[in-house]
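On a predicted model such as this, the values are computed, not experimentally measured, just so you know.
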Amino acid sequence: RTLQPRSKTRRVQARHSFLEAHVLQHKPVALISAANMALKLREASTAKREYELVTRAHPPLYLFDALPPTLHALTSL
């Protein structure tokens with residue numbers, strides 16, 4: 001199933017907003033939200049890279065259990 005252009009545009013805009021929020025606030029939740037948007041945009045490798053960045057930048061966070069099940073398989077790549 002392909003994304004409708006309006007839906008994709010909104011998701012891209014939301015992703016950019018989350019990335020901007022992360023740059024300004026340095027809160028992991030903003031980067032997690034950006035990664036979630038990447039996943040919704042079917043950019044799994046981008047999402048994986050950003051989830052990994054969060055876990056490296058914020059070591060006390062143990063996110064593996066919080067990852068969507070679809071990403072569990074990607075963590076072994």
Nearest 0.5 Å, please: how far is [atom2] in [Y] from [atom1] in [X]?
X	Y	atom1	atom2	answer
R10	L41	CZ	CG	12.5 Å
S17	M37	OG	CE	10.0 Å
I32	F18	CD1	CZ	11.5 Å

- Task: Show your reasoning for whether side chain to side chain contact (heavy atoms under 4.5 Å, CB included) applies to R6 and T9.
- Result: CA-CA 5 Å; R6 278 180 66 181; T9 299; 5.6 Å; no
- Task: Please list all pairs passing the salt bridge (Lys or Arg N to Asp or Glu O under 4.0 Å) test where one or both residues lie in residues 12-26, with sequence neighbours left out.
- Result: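 Sorted result for residues 12-26: R15-E50.
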- Task: Determine whether V54 and L19 fall in the same hydrophobic cluster, where Ile, Leu, Val, Met, Phe, Trp and Tyr are linked whenever their side-chain heavy atoms lie under 4.5 Å apart.
- Result: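 Cluster IDs for V54 and L19 match.
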- What closest approach, in Å, do A35 and A47 show between heavy atoms, and which atom pair accounts for it?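 Minimum heavy-atom contact is O-CB, 3.4 Å.
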- Message: Using the rule side-chain contact (heavy atoms from CB on, under 4.5 Å), only one of L31, L39, T46 pairs with Y51; which is it?
- Response: L39
